[in-house]
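Since the structure is predicted, the reported quantities are computational estimates derived from the model, not experimental observations.
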Amino acid sequence: MYLSRVQLSPSLAVQKQLARLLSENSYGIHQILWDLFDGDERFLFREESSREQLLSKRNLPVYYLLSKARPAQDNPIFLVETKIFEPCLNPGDRLAFRLRANPTVARKTEGQKRGKRHDVLMDAQYHWLREQCELHGLPVEGGKGQLKQSLVQEKPEQFDQGQIETRLQDVSQTAARSWLIHRGTRLGFDIYPPKLHCNGYRWNLLHKKQRGAGFSSVDYRGELLVTEPELFIKNIFAGMGPAKAFGCGLMLIRRI
């Protein structure tokens with residue numbers, strides 16, 4: 001496997017509009033990065049900020065790629081730096097990691113064979129609101145907005161807008177953390193919960209899809225313990241979670 005750092009070539013880096021378009025179009029980025037390979041190469045990528053990663057004055061996109069094939073080094077758009085990535089790990093190794101992921105949960109719908117994927121954070125918020133409405137004898141039909149409004153209007157002595165928003169943030173944080181912790185036990189690693197941080201939640205629009213289509217992403221960082229090295233490495237290469245074509249799933253690791 002190869003791990004590459006990809007930046008805009010110096011001649012294009014001065015084009016502010018190009019940098020802005022790249023940072024706002026996850027699908028377009030994947031299509032352009034494909035040009036670094038011959039054929040239909042599958043790869044993982046992650047976008048970072050040059051200001052944070054390279055301490056540059058300008059805030060330009062920097063991409064990290066994990067691929068089986070070595071990307072082209074002479075692309076006119078990108079400056080590409082590549083090294084072989086062959087981690088040698090043992091049970092008990094402790095690693096720091098960073099991961100941008102699309103945490104989802106499958107919920108079965110009556111009459112359908114396959115479950116529909118839902119954003120883990122929004123799903124947790126919705127079910128917490130339903131539970132609170134049911135607990136206080138309020139209707140449980142409708143979306144999040146309706147459930148929230150029902151609690152504020154019917155139980156003002158227990159719920160105000162600020163209290164609900166604070167509680168929903170706590171629910172989201174717990175759901176995001178649990179998604180990765182539970183996933184790790186099946187993928188060859190254990191998370192250190194006190195060291196786990198989740199932030200950067202955002203909704204990413206997919207402009208070429210139907211109106212409103214997109215996916216959520218969460219930035220994780222923390223420390224983990226390798227439990228099954230072969231399984232863990234296999235899943236690093238495969239990627240963690242959905243939306244891999246849109247910049248999610250690449251776990252960057254380092255020894256500590």
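- At least one donor-acceptor pair closer than 3.5 Å links the side chain of R177 to the backbone N or O of P193.
- Hydrophobic clustering of Ile, Leu, Val, Met, Phe, Trp and Tyr side chains at less than 4.5 Å, counting indirect connections, unites L89 with L99.
- N102 contributes no side-chain N or O that, together with a main-chain N or O of S217, makes up a donor-acceptor pair within less than 3.5 Å.
- Taking 4.5 Å as the limit, some side-chain heavy atom of P229 sits within range of a side-chain heavy atom of P91.
- Closest of all the heavy-atom pairs between P242 and T104 is CG-OG1, 3.5 Å.
- Summarising the local packing, NZ of K234 is surrounded by 12 or fewer heavy atoms from other residues, nucleotides or ligands at distances under 6.0 Å.
- In this structure the side chain of K68 reaches within 4.5 angstrom of the side chain of M1, judged on heavy atoms.
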Mind running side chain to side chain contact (heavy atoms under 4.5 Å, CB included) on R98 and D219 for me, showing each step along the way?
-> CA-CA 7 Å; R98 287 184 293 129; D219 287 340; over 6 Å; no

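- For the pair S178 (side chain) and A175 (backbone), a donor-acceptor distance under 3.5 Å is absent.
- Among F97, F189, F237, the one residue that satisfies the ring pair (Phe, Tyr, Trp, His ring centres under 6.0 Å) test with F232 is F189.
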Could you please spell out the steps behind the side chain to side chain contact (heavy atoms under 4.5 Å, CB included) verdict for F78 and I32?
-> CA-CA 10 Å; F78 295 116; I32 294 174; 3.4 Å; yes

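- Closest approach of H197 to K195, counting heavy atoms only: CD2-O, 3.2 Å.
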Check against side chain to side chain contact (heavy atoms under 4.5 Å, CB included), L79 and L8 = CA-CA 6 Å; L79 177 64; L8 287 174; over 6 Å; no

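- Between A101 and C248 the shortest heavy-atom distance is C-SG, 4.0 Å.
- One finds a salt bridge joining D93 and R255 here, because a Lys/Arg side-chain nitrogen approaches an Asp/Glu carboxylate oxygen to under 4.0 Å.
- Closest heavy-atom contact between S4 and V80: CB-CG1, 4.4 Å.
- Side chains of V120 and V218 form no contact here, defined as non-hydrogen atoms less than 4.5 Å apart.
- At a threshold of 4.5 Å between side-chain heavy atoms, the hydrophobic network of Ile, Leu, Val, Met, Phe, Trp and Tyr places Y126 and L121 in two separate groups.
- With hydrogens and angles ignored, the 3.5 Å screen pairs a side-chain donor or acceptor of K244 with a backbone N or O of G241.
- Annotation: Q73, atom CD; neighbour count of heavy atoms from other residues, nucleotides and ligands within 6.0 Å is above 12.
- Clustering ILVMFWY residues whenever any of their side-chain heavy atoms sit less than 4.5 angstrom apart, transitively, puts L252 in a cluster other than the one holding L225.
- With sequence neighbours excluded, the residues satisfying salt bridge (charged side-chain N to carboxylate O under 4.0 Å, His left out) with D123 are R107.
- Here the side chain of Q146 pairs a donor or acceptor atom with the backbone of G143 at under 3.5 angstrom.
- Between T82 and L3 there is no side-chain heavy-atom pair separated by less than 4.5 Å.
- Minimum heavy-atom separation, Q161 to V152: OE1-CG2, 3.8 Å.
- When hydrophobic clusters are built by joining Ile, Leu, Val, Met, Phe, Trp and Tyr residues whose side-chain heavy atoms come closer than 4.5 Å, directly or via intermediates, Y63 is not grouped with Y2.
- Side-chain contact between E81 and Q7 is present, with at least one heavy-atom pair separated by less than 4.5 Å.
- The backbone N or O of P156 lies less than 3.5 Å from no partner atom in the side chain of Q158, so there is not a single donor-acceptor pair.
- V171 and V105 are members of different hydrophobic clusters when ILVMFWY side chains are connected at heavy-atom separations under 4.5 Å.
- Note: D190 CG to E228 CD = 9.5 Å, rounded to the nearest 0.5 Å.
- Using a 4.5 Å cut-off on side-chain heavy atoms (C-beta onward), S67 and E41 make contact.
- In this structure, the side chain of Y220 engages the main chain of A176 through a donor-acceptor pair within 3.5 Å.
- When side chains are defined from C-beta on, N75 does not count as touching V6, because their heavy atoms never get closer than 4.5 Å.
- Looking at L66 and I236, their side chains come closer than 4.5 Å, going by heavy atoms from C-beta outward.
- Closest non-hydrogen pair, R46 versus R100, comes out as NH1-N, 2.9 Å.
- The main-chain N or O of G188 is found under 3.5 Å from a side-chain atom of T227 such that the two form a donor-acceptor pair.
- Just one of E165, Q125, Q132 meets the side chain to side chain donor-acceptor pair (under 3.5 Å) condition when paired with K148; it is E165.
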